[in-house]
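Computed from heavy atoms alone, side chains included, the values below leave out hydrogens, waters and symmetry copies.
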Amino acid sequence: MGLPALEFSDCCLDSPHFRETLKSHEAELDKTNKFIKELIKDGKSLISALKNLSSAKRKFADSLNEFKFQCIGDAETDDEMCIARSLQEFATVLRNLEDERIRMIENASEVLITPLEKFRKEQIGAAKEAKKKYDKETEKYCGILEKHLNLSSKKKESQLQEADSQVDLVRQHFYEVSLEYVFKVQEVQERKMFEFVEPLLAFLQGLFTFYHHGYELAKDFNDFKMQLTISIQNTRNRFEGTRSEVEALMKKMKENPLEHKTISPYTMEGYLYVQEKRHFGTSWVKHYCTYQRDSKQITMVPFDQKSGGKGGEDESVTLKSCTRRKTDSIEKRFCFDVEAVDRPGVITMQALSEEDRRLWMEAMDGREPVYNSNKDSQSEGTAQLDSIGFSIIRKCIHAVETRGINEQGLYRIVGVNSRVQKLLSVLMDPKTASETETDICAEWEIKTITSALKTYLRMLPGPLMMYQFQRSFIKAAKLENQESRVSEIHSLVHRLPEKNRQMLQLLMNHLAKSFKNEALESDRPEFKFHLHHVQLRVSCNYLTSGPLCPHLQNEGTLAPPSESCCEEEDKLLDDRPVSASSLVPLCPACWRRFTEHPPVGKEKGQEGGGSQRMARVKCSWSPGRERLR
């Protein structure tokens, strides 16, 4: 197995795998450097000590025999195999020549020692200098990056922009140095295949000239010598032919690195800082994270580029949700929260930049937080029946009544969740809420507006008709006498708090108007209004029970209503259990009259008074069937 290949595209990512690969190449260069140094020492001893020639040659031959070439890649070419086998061949020749005492060639120093020293100093030495520069830039980049990420988000915008620009410059410089270092390492690895072996071949050729008794051995060696010469030349030619292409690729990647990224099996990967809780506070630990969208697996590897080693064990979790962290909720910038299925609590992560955070959130299908910054009247992210709440509902109603009253599937077709959350964020902003009641832009679809209205009602701390009156409403709905039933519900409506009743009135006026419009459009099948799909969502949950008023014909279509309710056969609650959180769904016309007109006793400032003292808000139900089915 040869050395793993170094890819220019890995320089930008600077992953742990890239660092490990680079380490293996550096170790190979160190090994080669030590071997060449030892080989030069042995050669000098051979030249200077003729009396010890035999022992020196044997040691030299043994050194050659022990060294193994490590080629890049899994497979070796014929030329590479030939070159890799050459050292063993040289050692065999030297052992045979050891029996004959001959003189060292006069020019051995020029053909052997000088080229090897030149290769070691100019090539391997240059690679070491590039490594020092690379390590220095790595430390500088990581230091500036950590300092940049520790900047408070409360700094002035100009200071933050200046810091961002500085980090970009340092990052670009680090990337260029990284590419140059990889290029130099690759170059030395390729050069040693011919600049290292070629002097040895020349040295042997000189020995054959002077060794009298080695003439026949030289003839036997000639075939391999020719093959090796061809392999060396082929290797040199390939190197020279591809070097310009590699340089051109390096220049392209310097100009636009994003276009030449390696295709990764992961949806997203890169470095993130993960907040970890300690005994005396929290700390931010750098991790190399990968995310696979299909399996929703997040893998976090604690890794420090400066030390080049892991800082702990790998951790994998299954993604549940991802939410952008609000700027005013944390001192750090570029943060987002991740919830995992198999890990309790929230994992807070910090990206390297705003763009990096956007890419991570897109990969994880992240969402924006929904919150209201009006902290004087309501807690963050919570809906309330205050001026802002009424303003939001009025804006939504106005948009629906002016632009979407004839929309098909009104209040049934839901909007895209991210768009709904974004609209709520805009509407719940106090600055936006203080504007006019008709300022929802036309860019927002009707289904998004209706979904935002329903979502806001679900976000209320409690249902409009309040938990404390739920049993009373259900009990009233089950009364067999229709007049008593209507009067009791009328009385309960006016026992609600003023804001709850006002909101209920606002909503029922809107539904009554929609109901009337549907009655006018009833002859057009594309505008059939499914009333059971738009029963009010006034609690934190959907409220579902059968309709009390007979405005629904078969298939949920509408019959034209009378002044209050239709004069059709009474259609009461069915046998399904009535939920404790159910809204009693009389028709919108009845509810509008309930909310607008108080009972008689209330108008006169009296307490209670019974159903005979209530205002007669009648619903024209058929008296023939006054029992619950």
Side-chain angles (χ1 to χ4, degrees), residues 12-13 15 149 153 258 261-276 284-301 314-330 332-372 380-383 412-429 443-456 458-459 537 540-542:
C12 180
L13 199 58
S15 65
L149 294 176
S153 59
L258 297 179
K261 283 189 175 181
T262 305
I263 298 176
S264 173
Y266 302 106
T267 308
M268 184 67 184
E269 60 181 319
Y271 283 98
L272 292 172
Y273 284 83
V274 180
Q275 186 182 47
E276 295 185 357
W284 294 83
V285 181
K286 195 173 189 179
H287 289 68
Y288 188 83
C289 301
T290 60
Y291 174 68
Q292 180 60 261
R293 176 173 285 169
D294 294 338
S295 61
K296 291 187 176 293
Q297 282 293 115
I298 305 174
T299 303
M300 297 176 287
V301 181
D314 299 358
E315 182 181 4
S316 293
V317 296
T318 302
L319 176 69
K320 180 180 179 182
S321 66
C322 173
T323 308
R324 182 180 64 81
R325 190 66 180 264
K326 291 168 285 187
T327 304
D328 56 357
S329 67
I330 193 169
K332 299 282 188 176
R333 304 170 67 199
F334 320 133
C335 293
F336 58 94
D337 291 335
V338 169
E339 289 186 81
V341 175
D342 46 2
R343 171 172 165 172
V346 175
I347 306 172
T348 300
M349 296 180 171
Q350 182 184 24
L352 304 184
S353 64
E354 184 64 41
E355 176 65 15
D356 191 35
R357 177 171 68 175
R358 183 186 68 79
L359 293 176
W360 277 103
M361 291 192 64
E362 284 183 359
M364 295 183 182
D365 298 320
R367 62 176 185 266
E368 293 291 319
V370 177
Y371 64 98
N372 188 355
E380 190 174 278
T382 304
R412 176 171 57 86
I413 299 176
V414 297
V416 179
N417 184 55
S418 60
R419 294 276 295 168
V420 173
Q421 298 296 334
K422 187 174 181 180
L423 176 58
L424 280 174
S425 297
V426 173
L427 293 176
M428 295 175 74
D429 188 338
E443 66 180 72
W444 298 101
E445 297 177 295
I446 294 300
K447 64 180 182 181
T448 303
I449 298 173
T450 56
S451 296
L453 187 148
K454 292 186 291 184
T455 301
Y456 189 86
R458 293 189 201 108
M459 292 166 58
R537 270 59 169 165
C540 299
N541 304 304
Y542 284 94

Can you tell if the side chain of [X] reaches within under 4.5 Å of the side chain of [Y], non-hydrogen atoms only?
X	Y	answer
Y273	L352	yes
R419	W444	yes
D356	M268	yes
V338	V346	no
I298	T290	no
V341	L319	no

- Message: Show, in sequence, the C-alpha distance, side-chain angles and deciding distance for E276 and H287, and conclude whether the side chain to side chain contact (heavy atoms under 4.5 Å, CB included) test is met.
- Response: CA-CA 11 Å; E276 295 185 357; H287 289 68; 3.4 Å; yes

Between the main-chain N or O of [Y] and the side-chain N or O of [X], is there a donor-acceptor pair closer than 3.5 Å?
X	Y	answer
R357	F336	no
T450	I446	yes
T323	R367	no
Q350	L149	yes

- Message: Within this structure, what is the OG1-CG distance for the pair T448 and N417, rounded to the nearest 0.5 Å?
- Response: 10.5 Å

- Nearest-0.5 Å distance that lies between atom CE in M364 and atom CZ in R293: 10.5 Å

Minimum heavy-atom separation for [X] to [Y], with atom names?
X	Y	value
M361	C322	CG-SG, 4.2 Å
A452	L423	CB-CD2, 3.8 Å
W284	C335	CH2-SG, 4.0 Å
K447	I413	CB-O, 3.6 Å
S316	T299	OG-OG1, 3.2 Å
M300	C289	CG-SG, 3.7 Å

- Query: Can you tell me if E269 and Y291 form a side-chain donor-acceptor pair at under 3.5 Å?
  - Reply: no

- Message: Walk me through whether R358 and E362 qualify under salt bridge (charged side-chain N to carboxylate O under 4.0 Å, His left out).
- Response: CA-CA 6 Å; R358 183 186 68 79; E362 284 183 359; 2.5 Å; yes

- Task: Show the numbers, then the answer: is there a side chain to side chain contact (heavy atoms under 4.5 Å, CB included) between M428 and Y456?
- Result: CA-CA 10 Å; M428 295 175 74; Y456 189 86; 4.2 Å; yes

- Using the ring of Y271 (Phe, Tyr or Trp, six-membered ring only), decide whether K286 places NZ or CZ under 6.0 Å from its centre and within 45 degrees of its axis.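 Yes, cation above the ring, under 6.0 Å and within 45°.
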
- Pairs in or reaching into residues 337-352: which pass salt bridge (Lys or Arg N to Asp or Glu O under 4.0 Å), with residues at least two apart or in two chains?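 Only E315-R343, R325-D337 qualify under salt bridge (Lys or Arg N to Asp or Glu O under 4.0 Å).
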
